[in-house]
Amino acid sequence: MIDLIDKHGAMIFLINQENGEIIYANEAAVNFYSYPEEELLAMNISDINVLSPEEMAEKIELARSEQQNHFNFKHRLASGEIRNIEVYSYPNNFNGTPVLFSIFNDVTARVKAEANNRRIRTYLYISFGLIILILLVFSVLFYRKNRKLKSTKNELENFNKLYQTFIDANDNLIYLKDNKMNYLFVNEAAAEFYNKSKKEIIGKNDYQISNREFAKFRRLTDDKVKSENKIIVEEVEWNDKVYKVTKFPVELLDGSYGVGAFIEDITERVEREKQIKYLLYRDSLTELYNRRFFEEEIKRLDTKRQLPISIIMADVNGLKLINDSLGHEKGDQLLIKAANLLKEVVRDEDLLARQGGDEFAVLLPKTSNREAQKIVLRIKRKCRETESEEVAVSIGIGVATKTEPEQSIDQVLKEADNEMYQNKLSESRSTKSKIVQSLLNTLTAKSNETKEHAVRMTKLAFDFGEKLGLSNSQQHRLSLLATLHDIGKTTIPEEILKKPGKLTDKEWEIIKDHPERGYKIASSSQEFAVVADDIYAHHERWDGSGYPGKLKGENIPYLARIISIIDAYDVMTHKRSYKKAVPKDRALEEISDCAGSQFDPDLAAEFINLIRTE
């Protein structure tokens with residue numbers, strides 16, 4: 001799964017709280033600011049925005065202290081165009097560094113749209129308070145105690161003439177009801193909401209213009225506002241939308257009280273807030289809860305009522321090896337697979353979160369250690385079911401339980417983590433060996449590196465090592481090197497490995513990358529790390545023209561010099577899809593011709609002598 005944050009339409013940054021440096025920027029941010037990603041990550045957040053360093057530092061400080069999580073500013077593009085940016089910023093922690101999780105939204109289009117009707121809409125858009133102001137103006141203009149008043153109907157007609165255009169321009173619903181809850185007036189938006197004309201609404205109540213259920217919904221707070229003479233603000237859901245409803249008492253011309261309302265559709269804002277909250281508390285790859293949410297919940301649930309509380313710490317084995325060998329996409333697939341496996345096992349009342357990297361945590365309220373161990377057994381059983389799959393799931397697990405109120409939940413978490421680490425150490429070696437063997441099988445299937453080639457290489461390596469007088473440990477390393485020297489090719493597409501014709505320059509560059517990839521694979525396992533340097537150097541040449549490090553002469557590791565000769569000889573003397581085999585003598589002549597340029601001359605002579613005396 002491609003990282004969700006990188007796919008998000010908003011610009012997302014991780015900003016160092018201490019110095020304002022940009023730690024992470026998603027694809028949308030990189031595209032908007034038109035800097036190369038590596039250059040953007042070397043900048044300070046104040047370098048890319050119109051705000052001065054001092055102003056930006058002030059904003060960061062406010063967000064860090066959670067006094068102001070939301071602010072706006074203007075940004076000038078390289079073209080000179082001014083863009084309006086809306087920022088939501090939340091303090092967080094990233095690998096021990098205090099950071100701000102900041103979401104930048106380009107709201108220029110929205111600001112321009114609002115500006116088109118600014119003179120008409122500004123007052124009502126701010127808050128219901130301006131509605132009250134309009135009504136006060138109405139009272140000043142039309143209500144005089146010492147003057148003989150016209151009928152309420154005539155006065156309202158005058159009011160409409162003065163203010164109807166102003167009110168109708170607003171997208172929000174505005175209405176005024178008399179003391180019997182009959183409509184005195186509605187704006188255009190309210191009429192459209194009812195799907196009726198204003199004339200069909202004025203003078204009638206909710207039950208007369210809509211069905212009973214909807215009328216009841218409309219009248220929920222009207223009576224309360226009138227009877228208690230107070231302003232009521234609430235959020236109401238209706239027909240898959242969310243409305244912010246502000247209702248307030250209004251003194252009418254006859255001295256009685258009616259109800260005024262200002263109703264704003266806030267569905268988009270609520271959805272945006274939900275999305276921000278989701279990003280704050282969810283891991284984008286696995287869609288599990290993240291570390292931030294887990295830490296908040298563990299504090300909330302750390303109560304006597306929840307005892308015993310058990311914690312399971314789980315760490316996916318071999319992730320680095322998978323990333324280095326098969327690529328990060330396969331590594332992400334492994335993490336998603338592990339997350340789904342854990343989701344299948346844990347109970348609905350348990351809290352499962354990804355702690356970061358290859359680590360997961362499960363919080364089990366009201367769960368004894370014995371019950372938690374049963375869940376662990378189910379996890380291990382599920383892992384075993386994946387052993388025959390291309391990417392098997394292996395998880396190191398630790399469990400600890402809080403049974404007494406005075407126990408520290410942080411200490412319990414640490415105990416589970418320590419047990420998990422010990423478990424991981426005992427299982428990791430076996431897991432990595434299985435992964436490497438799986439990689440070798442993959443290499444056999446997708447390339448010309450057959451099992452027979454590996455067997456021949458191993459036998460030749462043993463015979464040559466014996467002739468050279470290698471120690472037992474060197475012989476073991478050489479045999480391992482013979483098996484693993486081309487393991488980096490597992491990361492290369494099959495169509496390149498099996499291409500019968502000449503490789504393009506781009507394809508050749510991909511091929512030349514395999515020693516370095518092989519080095520990373522071997523380095524990730526303690527068992528195979530002993531030959532990592534030799535794998536890296538097995539395509540170096542004696543004259544320094546090889547790859548990837550252009551090492552020369554005796555700077556090339558000894559075993560790498562040996563295996564390069566053995567590999568060249570076996571490839572020449574056996575048929576491949578792209579070439580025919582050559583006779584032994586011709587292969588030995590080629591090695592002799594390349595002694596001193598491609599091969600170590602002394603080792604080349606020893607090898608030729610070995611083959612000719614067999």
Side-chain angles (χ1 to χ4, degrees), residues 66 90-93 96 101 273-274 276-317 319 334-386 393-427:
E66 297 194 66
Y90 299 85
N92 208 321
N93 192 282
F101 179 95
E273 288 172 353
K274 284 181 181 178
I276 291 170
K277 188 174 181 180
Y278 184 89
L279 288 170
L280 283 174
Y281 290 116
R282 289 282 181 173
D283 171 57
S284 58
L285 177 67
T286 62
E287 298 186 359
L288 299 179
Y289 288 113
N290 59 17
R291 187 188 191 102
R292 178 192 181 107
F293 185 82
F294 183 84
E295 289 175 348
E296 290 183 8
E297 284 297 287
I298 202 171
K299 290 176 184 176
R300 186 180 69 83
L301 294 173
D302 185 19
T303 63
K304 185 176 180 179
R305 189 168 58 88
Q306 298 294 339
L307 293 178
I309 300 174
S310 291
I311 296 174
I312 296 175
M313 296 299 294
D315 196 293
V316 179
N317 294 319
L319 178 63
L334 175 61
L335 287 171
I336 294 168
K337 195 173 181 179
N340 291 336
L341 183 150
L342 292 169
K343 276 194 281 190
E344 288 180 24
V345 172
V346 300
R347 305 162 305 183
D348 291 340
E349 61 269 27
D350 301 330
L351 174 63
L352 170 62
R354 183 184 175 198
Q355 294 288 82
D358 53 6
E359 193 171 296
F360 298 85
V362 189
L363 182 64
L364 305 99
K366 299 180 181 179
T367 305
S368 67
N369 191 273
R370 185 174 181 180
E371 291 174 301
Q373 294 292 349
K374 290 180 180 178
I375 293 174
V376 170
L377 289 176
R378 292 205 294 271
I379 293 172
K380 290 184 175 180
R381 192 179 303 120
K382 281 283 185 183
C383 287
R384 285 196 295 271
E385 291 175 5
T386 70
V393 179
S394 172
I395 302 177
I397 302 174
V399 184
T401 304
K402 175 176 178 174
T403 56
E404 302 296 333
E406 59 270 16
Q407 281 179 272
S408 166
I409 195 69
D410 291 333
Q411 185 60 37
V412 174
L413 186 64
K414 187 175 181 181
E415 288 173 13
D417 197 58
N418 288 339
E419 184 179 307
M420 177 270 292
Y421 182 71
Q422 294 300 320
N423 181 275
K424 184 176 177 71
L425 286 179
S426 64
E427 293 185 5

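Atom set for the values below is all heavy atoms of this structure, side chains included, hydrogens, waters and symmetry mates excluded. Computed from a predicted structure; not experimentally measured.
- Side-chain contact check for R378 versus R381: some heavy-atom pair is nearer than 4.5 Å.
- Within the 4.5 Å cutoff, the side chain of K343 has no heavy atoms near those of the T286 side chain.
- The two atoms that bring Q306 and P365 nearest to each other are OE1-CB, 3.2 Å, heavy atoms only.
- Pairs passing the side chain to side chain donor-acceptor pair (under 3.5 Å) check and including a residue from residues 403-413, sequence neighbours excluded, read T403-Q407.
- Heavy atoms only, all atoms of each residue included: R291 and Q355 are closest at NH1-O, 3.4 Å.
- Applying the salt bridge (charged side-chain N to carboxylate O under 4.0 Å, His left out) criterion to R300, with sequence neighbours excluded, gives E297.
- With values rounded to the nearest 0.5 angstrom, L352 atom CG is found 9.5 Å from L364 atom CG.
- Counting only residues at least two apart or in different chains, salt bridge (Lys or Arg N to Asp or Glu O under 4.0 Å) contacts with residues 349-359 comprise D283-R354, R347-E349, R347-D350.
- Annotation: salt bridge (charged side-chain N to carboxylate O under 4.0 Å, His left out) contacts of K274 (sequence neighbours excluded): E271.
- Taking CE of M313 as the start and CD1 of I395 as the end, the distance is 12.5 Å to the nearest 0.5 Å.
- Using a 4.5 Å heavy-atom threshold, the side chains of I409 and I309 count as touching.
- Residue L288 comes nearest to A339 through the heavy atom pair CD1-CB, 3.8 Å, listed as atom of the first residue, atom of the second, then distance.
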Practice prompt. Test E287 against R282 for side-chain contact (heavy atoms from CB on, under 4.5 Å), laying out the working first.
Written response: CA-CA 6 Å; E287 298 186 359; R282 289 282 181 173; 5.5 Å; no
Item to complete: Would you check, one step at a time, whether the test side chain to side chain donor-acceptor pair (under 3.5 Å) holds for E371 with S368?
Response: CA-CA 5 Å; E371 291 174 301; S368 67; 3.2 Å; yes
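- Within a 6.0 Å radius of NZ in K414, other residues, nucleotides and ligands contribute 12 heavy atoms or fewer.
- The distance from atom NZ of K380 to atom OG of S394, rounded to the nearest 0.5 Å, is 10.0 Å.
- I298 places a side-chain heavy atom less than 4.5 Å from the side chain of I311.
- Across A353 and N290, no two heavy atoms sit closer than the pair CB-O, 3.9 Å.
- Under the ring-ring contact (aromatic ring centres under 6.0 Å, His included) criterion, Y289 pairs with F293, not counting sequence neighbours.
- Remark: I312 CD1 to I397 CD1 distance equals 7.0 Å, nearest 0.5 Å.
- For residues 347-382, no pair satisfies ring pair (Phe, Tyr, Trp, His ring centres under 6.0 Å), with sequence neighbours left out.
- Between R292 and E296 there is a salt bridge, with a side-chain nitrogen of the basic residue lying less than 4.0 Å from a carboxylate oxygen of the acidic one.
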Item to complete: Run the numbers on V393 and L334 for side-chain contact (heavy atoms from CB on, under 4.5 Å), then give the verdict.
Response: CA-CA 7 Å; V393 179; L334 175 61; 4.0 Å; yes
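- Annotation: the span from L363 atom CG to L351 atom CG amounts to 5.5 Å, rounded to 0.5 Å.
- From L307, atom CG reaches atom OG1 of T367 across 11.0 Å, with rounding to the nearest 0.5 Å.
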